[in-house]
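I have placed the structure first, in the form of structure tokens, so that the comments after it can refer back to it.
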Amino acid sequence: MSYLDELNSSQREAVEAIHGPTMVIAGAGSGKTRVLTYRIAFMLEQGIDPFNIMSLTFTNKAAKEMSERIGKIVGTTDGKNITMGTFHSVFSRILRYNADRIGYPSNFTIYDTQDSKSLLKDIVKELNLDDKVYKPGLVLGRISSAKNNLISPDAYVANEEIMNEDKQARRPEIARIYKTYATRCFKAGAMDFDDLLYQTNVLLRDFPDVLHYYQQKFKYILVDEYQDTNYAQYLIVKKLAAIYENICVVGDDAQSIYSFRGANIQNILNFRKDYPDFILFKLEQNYRSTKHIVEAANSVIAKNQDQIKKSVWTDNSEGSKLAVVRTLTDNEEGKVITNKIFDLKQGTASSYNDFAILYRTNKQSRSFEEALRKINIPYKIYGGLSFYQRKEIKDLLAYFRLTTNQRDEEALKRVINYPRRGIGKTSIENIIIASNQYGVSMWDVIANFNQYPVALNTGTKTKLYEFVTMIQSFTAQLSKINAYDLAQTIAKSSGILKELYSEKEKGPEEVERYQNIEELLGGIKEFTINQGEDDDKSLAEFMIDVALLTDADADKGDEKNHVTLMTIHSSKGLEFPHVYLVGLEENLFPSQMALNSRSELEEERRLFYVAVTRAKDTCTLSYATSRFIWGNLVSSEPSRFIEEIDPKHLNFEAQQRGMGKSLSGRASQFDQPFTGGLNKSVSSPASSFKSLSQLDNSKVKTGATLDLKVGYNVLHDRFGKGKVTKLEGQDADKKATIFFPHHGSKTVLLRFANLTIVDVD
DNA sequence: CCAGTACTTAGGTTG
DNA sequence: TAAGTACTGG
């Protein structure tokens with residue numbers, strides 16, 4: 001029972017109330033994760049079977065942290081038997097078990113956002129709609145919010161309010177796109193991220209026996225970050241908890257920062273309605289931050305109208321006031337903050353891990369990155385392109401996806417001609433047309449030409465046949481060899497490894513790509529054998545979760561000594577001794593787009609609250625009086641959020657001067673107009689000369705008539721001397737693959753390449 | 001097929 | 001400005 005002694009009285013009450021509906025409103029830094037983990041430990045101690053517990057989180061990061069902490073307290077065996085993870089991962093597994101009920105294969109693919117957008121782009125084209133009006137991201141957003149509110153394509157058309165919204169936005173065809181999109185996903189045996197929640201709802205709605213089974217299994221349900229759940233998630237939880245009502249939700253309305261993508265604060269109010277006899281616990285003591293920080297944050301959030309009343313307080317020391325720093329430009333902001341970090345680190349013997357720079361938008365990272373690099377401070381930027389989104393990784397994964405699910409159209413489109421095997425755009429379009437015509441998947445078409453005739457020439461059919469046979473040979477090995485061996489086989493036989501290897505000479509980016517592939521294969525190797533089970537894991541098993549993984553899963557235990565740079569959104573749930581909250585300017589934070597309505601402005605304010613409460617010891621606020629926005633220097637006003645802080649918690653620092661020599665980069669370009677505009681008059685005549693000289697270009701190429709043979713040495717205009725290694729195509733399409741010592745292997749069309757034969761060795 | 005250029009567009013982000 | 005895509009000339 002020793003761990004219970006580590007809790008304060010309200011924490012302890014929240015831990016011990018394991019029966020019936022409970023809601024825990026947990027202020028920032030109030031020990032929320034501790035309560036959740038101890039609560040589970042307490043349940044097990046009371047004899048509750050871990051198989052009957054389900055604990056849901058909103059992010060991978062939170063899920064991982066929770067599972068580690070629980071493992072430590074209750075031991076790994078019990079820990080493993082608890083159903084724990086994000087909504088998406090937990091319900092994707094349940095969907096796989098029951099896929100046949102709703103007409104999906106159990107090995108359905110999960111489309112990520114890129115896949116969804118690429119499919120939507122195709123559909124917009126096929127329906128002959130304007131791709132400027134129906135931009136993939138925007139359309140996906142509409143579809144996503146429909147699914148999050150459990151609105152099917154048919155219900156969408158029938159819903160007047162929604163249809164009117166679309167009409168007024170001059171996008172009346174979204175309903176049609178949605179319907180086509182849903183059909184295509186289904187045909188491909190694929191679910192997008194929103195489907196994982198939407199289809200779970202369908203499953204639980206249409207199959208009472210399935211619902212009953214999971215109601216009995218999950219007698220105890222915990223939901224973290226409840227303020228960030230959307231309607232689809234809310235309803236799943238409500239249904240599963242309907243019999244036993246042992247449900248505990250934990251959240252903080254003041255930290256709700258995802259309403260822009262469907263999170264619904266209403267869920268907290270619904271909870272009161274759904275379980276009138278629920279017990280409410282409030283965790284109000286902050287253990288993280290100094291008094292100045294807690295009270296500064298409180299004074300700002302008090303300006304919000306929509307909130308559950310609570311008073312967060314702390315027993316910690318008073319600490320120092322929040323510093324407010326003003327700089328002239330965004331570049332100077334980078335330098336000043338960086339120097340402050342350097343000085344504080346020297347003065348306090350702390351580690352660079354103790355520092356975080358938080359910003360509203362990802363693109364603000366640039367000036368800090370440059371400044372940190374200049375004075376050699378190690379840093380790590382979170383966010384941006386994740387490992388699993390990189391092109392080379394997605395390419396190889398597409399082969400894996402196709403191996404486990406041939407109907408996966410996005411995977412097929414990605415690799416059908418990568419590495420190049422002479423299957424062109426027109427051929428692919430014809431295959432898509434045929435697949436729509438026959439109502440089958442693209443794979444069905446290319447694997448059964450007899451059954452589904454397509455407009456393709458024999459040569460292309462032969463190439464497709466080879467491709468199909470290759471994939472089938474991979475599939476045949478799924479149950480025979482382990483994940484790592486099959487992954488290796490695919491990487492080699494598909495030609496991807498070779499392709500990347502041959503590009504390695506080109507430059508550091510190509511080398512990195514090759515290394516990324518090696519890293520992925522290494523990760524699969526670890527997955528295959530590391531599990532300690534009797535049997536090796538298969539590639540199909542590896543693919544189950546891969547679409548749901550993020551960078552947080554990729555870099556394992558990276559305890560390097562670095563300053564952290566991230567957006568405020570991704571900082572939620574984290575804490576740092578020293579926080580630098582930068583770019584505090586009107587129209588940036590709060591974002592210009594949030595100024596239209598009170599509710600949007602209040603979400604920005606909650607975001608500000610989240611940012612300030614990440615800090616344990618010091619918090620520095622900074623803004624620049626001018627900043628480059630899309631190439632123009634725009635002057636800016638300090639953020640209203642600074643004024644909203646009770647000034648007794650603030651310390652306005654004198655403006656920093658002479659930090660760097662000259663304002664570098666874009667700042668000096670700003671000076672140019674004042675120095676006479678000379679640069680302008682230099683550059684434009686030069687470019688007009690160039691276009692004049694292009695006009696009288698009358699060179700004529702006759703390369704196609706060259707009688708080339710493999711082994712000839714030839715001279716190319718641009719690449720110099722090289723040796724012909726391969727010849728293919730007829731007449732106008734005749735092309736040669738030539739190895740150039742300085743540029744690697746290139747394939748050129750003879751019609752265009754101005755080749756001269758040097759010798760015929 | 002390759003590479004250079006003209007043109008477009010620009011929010012925060014998890015799974 | 002910067003990055004990404006579509007187009008075009010060789």
Side-chain angles (χ1 to χ4, degrees), chain A residues 56-63 85-92 110-113 116 121 131-132 135 137-138 141 144 148 191-197 225 228-230 232-233 257-263 330 359-364 366 382-386 388 420 422 424 545 547-553 566-573 587-594 600 603-604 607 610 627-633 665-666 669-670 687 690-691 694 697 699-701 703 716-719 728-729 733-738 743 745-755:
Chain A
L56 298 171
T57 55
F58 195 65
T59 64
N60 275 314
K61 198 171 64 191
T86 61
F87 273 87
H88 290 83
S89 73
V90 166
F91 294 112
S92 72
I110 298 171
Y111 278 177
D112 66 16
T113 309
S116 298
K121 210 172 149 192
D131 60 359
K132 298 226 162 51
K135 289 181 203 148
L138 200 138
S144 171
N148 286 333
M191 296 201 196
D192 66 15
F193 287 136
D194 301 311
D195 278 327
L196 296 176
L197 306 173
E225 306 283 14
D228 286 333
T229 54
N230 59 38
Q233 291 164 325
I257 55 175
Y258 284 106
S259 77
F260 70 92
R261 58 160 205 248
D330 45 354
Y359 34 79
R360 178 67 177 85
T361 67
N362 267 313
K363 63 173 180 242
Q364 289 168 254
R366 209 209 81 256
Y382 291 80
L385 200 59
S386 95
Y388 296 97
R420 302 200 171 282
D545 280 334
L548 301 172
L549 296 180
T550 58
D551 270 3
D553 310 280
M566 55 170 58
T567 61
I568 303 167
H569 278 94
S570 45
S571 76
K572 194 162 83 154
N587 298 328
L588 180 60
F589 189 21
S591 158
Q592 190 172 15
M593 273 121 154
E600 280 183 287
E603 177 145 319
E604 295 283 305
L607 195 54
V610 168
R627 164 178 306 274
F628 277 90
I629 297 172
W630 300 334
N632 300 314
L633 191 70
R666 292 134 113 203
Q669 285 168 21
F670 170 62
S687 55
K690 197 174 158 201
S691 55
Q694 279 166 348
N697 186 343
K699 266 187 272 172
V700 179
K701 313 268 158 146
H716 186 278
D717 285 354
R718 201 158 20 203
F719 304 135
E728 55 194 321
D733 284 337
K734 202 166 176 184
K735 54 200 172 190
T737 307
I738 305 166
H743 302 270
S745 214
K746 304 268 180 218
T747 307
V748 292
L749 274 173
L750 293 191
R751 178 156 55 101
F752 293 131
N754 190 17
L755 295 177

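Letters A, B, ... mirror the listed sequences (proteins, then strands); counts begin at 1.
- Here Asp194(A) pairs with nothing under the salt bridge (charged side-chain N to carboxylate O under 4.0 Å, His left out) rule; sequence neighbours left out.
- Rounded to an integer number of Å, the gap from CG of Asn148(A) to P of dT14(B) is 16 Å.
- Separating the CG atom of Leu548(A) from the P atom of dT14(B) is a distance of 14 Å, rounded to the nearest angstrom.
- Rounded to whole angstrom, the span from the CD atom of Gln233(A) across to the C1' atom of dG15(B) amounts to 9 Å.
- Ile738(A) has its CD1 atom 12 Å from the P atom of dA3(B), to the nearest Å.
- Remark: Asn362(A) is in phosphate contact with dT13(B), judged by side-chain N or O atoms under 4.0 Å from OP1 or OP2.
- One can place CD of Glu225(A) at 13 Å from P of dT14(B), the figure rounded to the nearest angstrom.
- Within 4.0 Å (heavy atoms only), Asp194(A) reaches at least one base atom of the nucleic acid.
- Both Thr567(A) and Arg420(A) sit near DNA chain B, but only Arg420(A) has its closest nucleotide nearer the 5' end.
- Judged as a side chain to side chain donor-acceptor pair (under 3.5 Å), and not counting sequence neighbours, the contacts of Glu600(A) are Ser597(A).
- Between Leu56(A) and Thr229(A), every side-chain heavy-atom pair lies at or beyond the 4.5 Å cut-off.
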Report, one pair per line, the protein and nucleotides 8-11 of chain B atoms (nitrogen or oxygen only) whose separation is under 3.5 Å.
from: dA10(B); atom 1: N3; to: Trp630(A); atom 2: NE1; distance (Å): 3.2
from: dG11(B); atom 1: N2; to: Arg360(A); atom 2: NH2; distance (Å): 3.3
from: dG11(B); atom 1: N2; to: Ser591(A); atom 2: OG; distance (Å): 3.2

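- The side chain to side chain contact (heavy atoms under 4.5 Å, CB included) search around Ala547(A) returns Ile110(A), not counting sequence neighbours.
- Between the OH atom of Tyr359(A) and the P atom of dT13(B) there is a distance of 9 Å, given to the nearest Å.
- Here Ser259(A) pairs with Glu603(A) under the side chain to side chain donor-acceptor pair (under 3.5 Å) rule; sequence neighbours left out.
- By the salt bridge (charged side-chain N to carboxylate O under 4.0 Å, His left out) test, Arg627(A) pairs with Glu333(A), Glu585(A), sequence neighbours left out.
- With hydrogens and angles left out, the side chain of Thr113(A) and the base of dG15(B) share a donor-acceptor pair within 3.5 Å.
- If you take CE of Met566(A) and C1' of dT13(B), they are 13 Å apart, rounded to a whole angstrom.
- To the nearest 0.5 Å, the span separating NE2 on His569(A) from OH on Tyr359(A) amounts to 13.5 Å.
- In this entry the distance linking NE2 of His569(A) with P of dT14(B) reads 9 Å, nearest Å.
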